[in-house]
Amino acid sequence: MWRLVKLGIIYRQLTPLEFSVLSAIEKGMANHEYVPLEYVERLVDAPVTKVERSLEKLRSLKLIKRWSESYRGFRLTYLGLDMLALRTLVKEGVLEAIGDKLGVGKESELYRARAPGGLLVIAKFLRIGCRSFRSTRRTRSFVEAPQLNWYAQSKIAAEREYKALLELFKAGGLVPRPYAWNRHAVVTSYINGVELYRRPKLDNPERTLMDVLETIRKAYIDARIVHGDLSEYNVIVSVESERAYVIDWPQYVEKDHPSAPSLLKRDVEYIVRFFNKIYGVSLDVDRALNYVTSGG
């Protein structure tokens with residue numbers, strides 16, 4: 001039975017007017033940290049009293065935050081941005097239900113979701129915050145403009161991940177199949193698997209390692225990108241086949257980026273040494289790196 005969780009419960013409580021208010025605040029955040037009340041009232045086609053009641057409801061649901069020192073203003077929370085992304089994905093026929101939360105990373109939340117026809121998918125919501133933004137600014141090309149706020153960073157990260165997955169999937173890399181993206185959300189195929197950091201039992205760890213290296217190779221040779229943050233935390237091993245899928249691509253760098261060679265070497269070294277240590281695989285790091293960078 002499909003269990004409705006927090007996102008779905010909140011989504012069903014919202015009226016078209018409240019979505020209009022959220023959209024107005026989103027639009028205003030392009031130029032305001034907190035969007036003035038007058039701006040919201042001007043954009044929403046409804047009586048002022050109804051707009052203000054909607055604002056109070058949205059605040060009680062924690063979809064917006066209020067500023068009331070020098071003026072009355074509002075901004076979206078990540079939960080508010082979630083609602084707008086979900087509404088668009090539903091209207092476009094990408095999703096029809098959102099289910100259990102599957103995991104929380106340092107920069108994202110993953111949910112089990114259902115697409116039309118009953119297809120099981122993953123809805124990933126990027127959540128680039130101040131702490132992760134500061135720690136990754138040095139290597140991430142998509143945050144080179146310091147004026148970008150949290151929701152702009154997350155939207156760019158989602159678009160980057162979707163496009164990277166699309167190129168890799170077309171090239172035959174073992175990655176989740178991308179279906180759509182909107183704002184800070186990416187919808188991909190569901191992989192029935194176990195994260196590599198949990199150290200699942202592998203009958204053929206050499207092949208599983210080669211799956212990872214082959215995907216990194218296709219990224220480097222065909223898509224001309226480098227993952228840049230490869231570890232056992234962003235590899236999923238299929239329960240049925242033991243094939244390894246590489247996930248989490250928003251932080252990739254282009255092949256010609258000055259940091260690309262060192263990041264690629266780090267990616268390969270880390271994953272090879274993990275398999276050598278945990279699974280007793282005997283593969284030379286230099287040999288693996290040469291394979292990944294070889295076009296032959």
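Since the structure is predicted, the reported quantities are computational estimates derived from the model, not experimental observations. Every heavy atom of this structure was used, including side-chain atoms; hydrogens, water molecules and symmetry mates were not.
Taking every heavy atom of both residues into account, Val268 and Ala288 meet most closely at CG1-CB, 3.8 Å. Nearest heavy atoms, Asn276 versus Val281: OD1-O, 2.5 Å. Taking every heavy atom of both residues into account, Val40 and Ile25 meet most closely at CG2-CG1, 3.9 Å. For the pair Asp248 and Glu161, the tightest heavy-atom approach, listed with the atom from each and the gap, is CA-OE2, 3.3 Å.
Side chain of Arg160 to main chain of Pro250: a donor-acceptor pair is present (N/O by atom type, distance under 3.5 Å, no hydrogens or angles). Proximity of a side-chain donor or acceptor of His227 to a complementary backbone N or O of Leu263 within less than 3.5 Å is not detected.
Between Arg59 and Glu56, at least one side-chain nitrogen of the basic residue sits less than 4.0 Å from a carboxylate oxygen of the acidic one, meeting the salt-bridge criterion.
Side-chain contact check for Asn204 and Glu242: no donor-acceptor pair (N or O, by modelled atom type) lies under 3.5 Å. Side-chain contact, Thr208 with Tyr279: no donor N or O sits under 3.5 Å from an acceptor N or O.
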Give the table of side-chain donor-acceptor pairs shorter than 3.5 Å for residues 166-181, with sequence neighbours excluded, one pair per line with atom names and distance.
none

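Lys218 pairs in a side-chain contact (heavy atoms from CB on, under 4.5 Å) with only one of the listed residues (Ile216, Asp222, Thr215), which is Asp222.
Remark: Leu196 CG to Tyr233 OH distance equals 10.5 Å, nearest 0.5 Å. Atom OH in Tyr71 sits 12.5 Å away from atom OH in Tyr39 (nearest 0.5 Å).
Environment of NZ in Lys163: sparse, with no more than 12 heavy atoms of neighbouring residues, nucleotides or ligands closer than 6.0 Å. Heavy atoms from other residues, nucleotides or ligands lying under 6.0 Å from NZ of Lys255 number more than 12. Under a cut-off of 6.0 angstrom, the local environment of CZ in Arg207 is crowded, with over 12 non-hydrogen atoms contributed by other residues, nucleotides or ligands. No more than 12 heavy atoms of other residues, nucleotides or ligands lie within 6.0 Å of CD in Glu33, so this atom counts as exposed by the packing criterion. More than 12 heavy atoms of other residues, nucleotides or ligands lie within 6.0 Å of CG in Asn192, so this atom counts as buried by the packing criterion.
Scored by the ring-ring contact (aromatic ring centres under 6.0 Å, His included) test, Phe125 finds Tyr111, His184 as partners (sequence neighbours excluded). With sequence neighbours left out, Asp203 forms a salt bridge (charged side-chain N to carboxylate O under 4.0 Å, His left out) with Lys201.
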* Steps toward side chain to side chain contact (heavy atoms under 4.5 Å, CB included) verdict (Trp249, Ile225) -> CA-CA 10 Å; Trp249 288 88; Ile225 61 176; 4.1 Å; yes
